[in-house]
There are 4 protein chains.
Amino acid sequence: MPANAAKGRTFTESARRAQIVAAAIAVINEHGYAAASFTRIAKQAGLSSTGMISYHFANKDDLIGEVLTEATTVAYQFIAPRMDAATGYRAKLRARLESNMQLVRAHPGHVRALMEIAQNAPKTPEFVDQRFGLFAAHLRAGQDAGEFGTFNADAMAVTIIGAIDAMVIGLVLHPEVDAAEFGRELADTFDRATRP
Amino acid sequence: MPANAAKGRTFTESARRAQIVAAAIAVINEHGYAAASFTRIAKQAGLSSTGMISYHFANKDDLIGEVLTEATTVAYQFIAPRMDAATGYRAKLRARLESNMQLVRAHPGHVRALMEIAQNAPKTPEFVDQRFGLFAAHLRAGQDAGEFGTFNADAMAVTIIGAIDAMVIGLVLHPEVDAAEFGRELADTFDRATRP
Amino acid sequence: MPANAAKGRTFTESARRAQIVAAAIAVINEHGYAAASFTRIAKQAGLSSTGMISYHFANKDDLIGEVLTEATTVAYQFIAPRMDAATGYRAKLRARLESNMQLVRAHPGHVRALMEIAQNAPKTPEFVDQRFGLFAAHLRAGQDAGEFGTFNADAMAVTIIGAIDAMVIGLVLHPEVDAAEFGRELADTFDRATRP
Amino acid sequence: MPANAAKGRTFTESARRAQIVAAAIAVINEHGYAAASFTRIAKQAGLSSTGMISYHFANKDDLIGEVLTEATTVAYQFIAPRMDAATGYRAKLRARLESNMQLVRAHPGHVRALMEIAQNAPKTPEFVDQRFGLFAAHLRAGQDAGEFGTFNADAMAVTIIGAIDAMVIGLVLHPEVDAAEFGRELADTFDRATRP
DNA sequence: AATGAATGAGGTTTCATTCAT
DNA sequence: AATGAATGAAACCTCATTCAT
């Protein structure tokens with residue numbers, strides 16, 4: 001009687017969850033979030049019943065939440081080291097923007113799923129707020145350090161996040177575009193915009 | 001037997017369509033696009049059955065299309081004169097950005113619906129592409145005129161559009177925020193970013 | 001308040017009915033009986049509302065009945081003189097079968113409609129029974145006159161009617177087939193089968 | 001989540017499918033094909049919802065297809081051995097016709113359903129064509145063997161099939177008629193018609 | 001630990017018919 | 001004589017979830 005039995009998960013249990021999450025990501029990529037029903041996910045995962053999914057996840061939110069966690073983890077593991085390698089708020093911002101665009105080509109499936117869920121799933125404000133908070137804090141710290149100029153950090157955070165997401169979606173939809181170049185352009189844009 | 005009877009619309013017919021469109025906008029605002037079912041819209045409009053909606057609109061796409069038309073018309077009528085009043089590509093860009101944020105407070109329902117539909121409805125890439133084309137053309141023309149600096153106009157167009165949408169959504173979700181100020185910040189941001 | 005106001009029909013009334021019947025026949029030919037809804041018929045007739053149809057016909061059965069009458073009348077007027085021109089039961093049977101197949105090419109629309117209705121409409125047993133009675137009587141009379149051999153007239157009537165309908169449908173579906181030839185073959189078949 | 005889960009069917013699953021197919025046959029017999037809605041079939045089967053049917057069958061075509069398979073199987077198993085027992089094309093034709101009429105009394109429900117579906121369902125031309133092909137081939141082979149006389153085999157095939165179907169329907173509608181006798185009459189008719 | 005079966009609400013759409021004007 | 005508007009039942013189908021085994 002799992003379905004999140006107090007988080008103490010056996011090996012099999014974890015494997016099953018991972019398998020289902022992977023299937024969900026695949027389905028979202030192929031058909032979009034709206035079409036990611038339990039039925040389709042089960043079929044994709046080669047499961048014979050949707051009951052299987054309900055057994056391992058408390059409900060759909062639980063599953064989608066896990067997909068979100070998986071996707072953000074992948075993103076984080078890609079972006080974080082690249083930011084760490086950069087020195088200073090300005091350079092870190094550039095690293096963030098450029099690596100985010102490279103991520104689109106490195107893990108297209110996860111990125112696409114992330115975007116679809118963020119846009120369409122009903123329950124993601126906390127996810128949005130968290131991202132916003134991190135950006136705003138970075139900008140304010142950079143301003144305090146004198147690396148950034150004068151601007152409303154909240155407004156700028158929203159602006160940058162929106163720009164990132166739009167460009168990510170654009171790159172996903174247009175695989176022929178040079179992601180690295182667009183990433184540099186994006187970084188240049190906000191480098192100019194945040195200059196002291 | 002309407003449902004788009006060759007466009008020749010009666011007074012009553014037009015009134016009902018408008019009423020239903022208004023109800024759809026209200027429902028989308030309250031529950032989001034995904035939950036905007038005929039049943040909910042009918043209830044919101046005080047209609048006794050969904051058959052009523054099907055009678056006046058050929059199908060859901062037809063209804064959503066009308067909502068989109070209505071919302072974009074409202075937006076256009078708000079923004080266009082403010083852009084016209086500005087002189088030069090740079091000033092027009094600022095007017096566009098600032099008025100777009102004022103629009104959020106002037107017509108919150110229409111803006112919210114517009115965003116929800118653009119993000120969630122399956123049939124809107126043309127709408128997206130059109131907006132992108134207009135922005136890219138404006139930027140290129142401004143570059144040719146020497147008002148803007150050197151940058152990839154496509155990348156910048158995506159960036160600006162994403163920023164607009166994100167800020168609009170942010171303002172919608174946070175009514176306490178000073179939209180005019182955020183609009184000015186947004187305009188300042190891209191004024192710096194596009195400077196020659 | 002017509003809808004069969006005691007059969008006393010004005011000129012306009014009759015014209016309207018005829019127009020609607022013609023539209024119904026056209027729709028049945030294009031989309032089949034099952035798709036012959038009031039909505040489609042009204043559109044075909046260039047009417048702005050299905051109310052118009054309900055106004056002139058008591059209900060759908062009434063309309064379909066009129067279509068049936070119209071089609072059978074056309075068929076009768078084509079076949080009757082050709083039977084009359086033939087002498088004797090045997091020759092008349094041949095004339096009936098051959099002319100019926102020629103009718104398919106002469107009035108394809110009416111024939112198609114007739115078949116569709118006879119097969120699909122729920123309320124046509126009387127029509128079927130009437131046709132059966134006429135055939136059986138003809139066969140029995142021919143037997144009494146010594147022109148036909150010994151057989152169960154009822155069974156033969158059913159057999160012939162079924163053969164006619166199947167061949168009609170076949171000809172309708174295969175316009176390239178020589179209807180006159182198939183008509184002769186059909187006549188030959190039952191000439192042999194009914195020979196004394 | 002069945003609905004044709006790659007054909008690997010459980011016992012329960014098969015039982016339910018059979019139950020639903022049986023209910024569909026019963027409904028078609030009582031109310032005709034057009035009225036054989038999921039709702040009515042579910043009620044007939046004692047099921048509480050139409051979702052149940054959708055769960056076991058991919059869609060209505062799937063269900064109707066199964067009904068058709070079931071009915072043709074029953075018919076084949078009745079007719080085939082009787083044809084096999086006969087020697088020569090002429091005798092086999094007689095066996096076919098006579099046994100087909102006996103089948104009406106042996107399995108009235110299946111026969112009625114078969115007729116209703118063949119006539120009314122949209123997706124059955126292949127079924128019709130196949131039957132036609134078999135008959136035409138039999139007739140031609142018999143002609144080549146010198147057992148049948150000279151006639152257009154295609155025309156004769158259509159004729160015989162039409163006669164069969166009409167008589168089947170007639171027998172279904174008139175239970176008091178002696179099916180065996182009518183079967184013999186039918187066989188006699190085409191025995192004379194195809195004689196060399 | 002897992003599965004197959006079932007459920008019932010909800011989705012959009014089409015339909016014939018009614019009625020006030 | 002005609003029309004536009006409305007109705008509500010019924011259609012097929014999909015969904016997330018539950019439960020006995």
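Just so we're clear, the structure is a prediction, and the values are computed from it rather than from any experiment. The basis for the numbers below is simple: all heavy atoms, side chains too, and nothing from hydrogens, waters or symmetry mates.
If you check F:dA2, E:dT14, F:dC12 against the side chain of B:Ser54, the one that comes closest is E:dT14. Taking the side chain of D:Thr10 as heavy atoms from C-beta on, and the options F:dT3, F:dA16, E:dA5, the nearest nucleotide is E:dA5. Proximity note for D:Thr39 (side chain, C-beta onward) versus E:dT3, F:dT17, F:dA11: the nearest is F:dA11. Considering only side-chain atoms of A:Tyr55, the nucleotide from E:dA5, E:dA2, F:dT17 that sits closest is E:dA2. Each of E:dA16, F:dC15, E:dT13 was ranked by its minimum atom distance to the side chain of C:Phe38; first place goes to E:dA16.
Rounded to a whole Å, the CD1 atom of B:Ile64 is 15 Å from the C1' atom of E:dT13. Whole-Å rounding puts the A:Leu63 CG to F:dC15 P distance at 14 Å. Between B:Asp62 atom CG and E:dT12 atom P there is a gap of 14 Å when expressed in whole angstrom units. Atom CG of B:Asn59 is separated from atom P of E:dG11 by 17 Å (rounded to the nearest Å). Here E:dT17 presents its P atom at 11 Å from CD1 of C:Ile41, a figure rounded to the nearest Å. When rounded to the nearest whole Å, the span between CZ of D:Phe57 and P of E:dA6 equals 12 Å. In this structure, D:Ile53 atom CD1 and E:dG8 atom P are separated by 14 Å, rounded to whole Å. Rounded to whole angstrom, the span from the CD1 atom of A:Ile20 across to the C1' atom of E:dA2 amounts to 11 Å.
C:His56 has a side-chain polar atom (N or O) that falls below the 4.0 Å cut-off from OP1 or OP2 of F:dA2. For the pair D:Arg16 and E:dA5, the criterion of a side-chain N or O lying under 4.0 Å from OP1 or OP2 is not met. Listed pair C:Arg40 / E:dT14 fails the phosphate criterion, with no side-chain N or O lying under 4.0 Å from OP1 or OP2. In this structure, A:Thr50 does not reach the F:dT17 phosphate: none of its side-chain N or O atoms is under 4.0 Å from OP1 or OP2. Put simply, D:Ser48 has a side-chain N or O that comes within less than 4.0 Å of OP1 or OP2 on E:dT7. In this model, the phosphate group of F:dA6 is not approached by any side-chain N or O of B:Ser49 to a distance below 4.0 Å at OP1 or OP2.
With hydrogens and angles ignored, no donor-acceptor pair under 3.5 angstrom links the side chain of B:Ser37 to the base of E:dT12.
At least one donor-acceptor pair under 3.5 Å links the side chain of B:Glu116 to the backbone N or O of B:Tyr33. D:Arg112 places no side-chain N or O within donor-acceptor distance of the main-chain N or O of D:Ile28, the cut-off being under 3.5 Å. At distances below 3.5 Å, not a single donor-acceptor pair connects side-chain atoms of B:Thr10 with backbone N or O atoms of B:Glu13. The backbone N or O of A:Phe57 sits nowhere less than 3.5 Å from a side-chain atom of A:Asp62 that would complete a donor-acceptor pair.
No side-chain heavy atom of D:Phe127 sits less than 4.5 Å from a side-chain heavy atom of D:Ile117.
The residue among D:Ala35 and A:Asp61 whose nearest nucleotide of DNA chain F lies closer to the 5′ end is D:Ala35. Mapping D:Phe11 and B:Lys60 onto DNA chain E via the closest heavy atom, the residue that lands nearer the 5' end is D:Phe11. Each of C:Gly51 and D:Gly51 was assigned the nucleotide of DNA chain F with the nearest heavy atom; the assignment lying further toward the 5' end belongs to C:Gly51.
Base pairing analysis places F:dT14 opposite E:dA9; the two distances defining the Watson-Crick or G-U wobble pair are each below 3.5 Å. Base pairing of E:dT21: its partner is F:dA2, meeting the Watson-Crick or G-U wobble criterion (both donor-acceptor distances under 3.5 Å).
Considering C:His56, C:Glu66, C:Glu70 in turn, C:Glu66 is the only one that fulfils the side chain to side chain donor-acceptor pair (under 3.5 Å) rule with C:Arg17.
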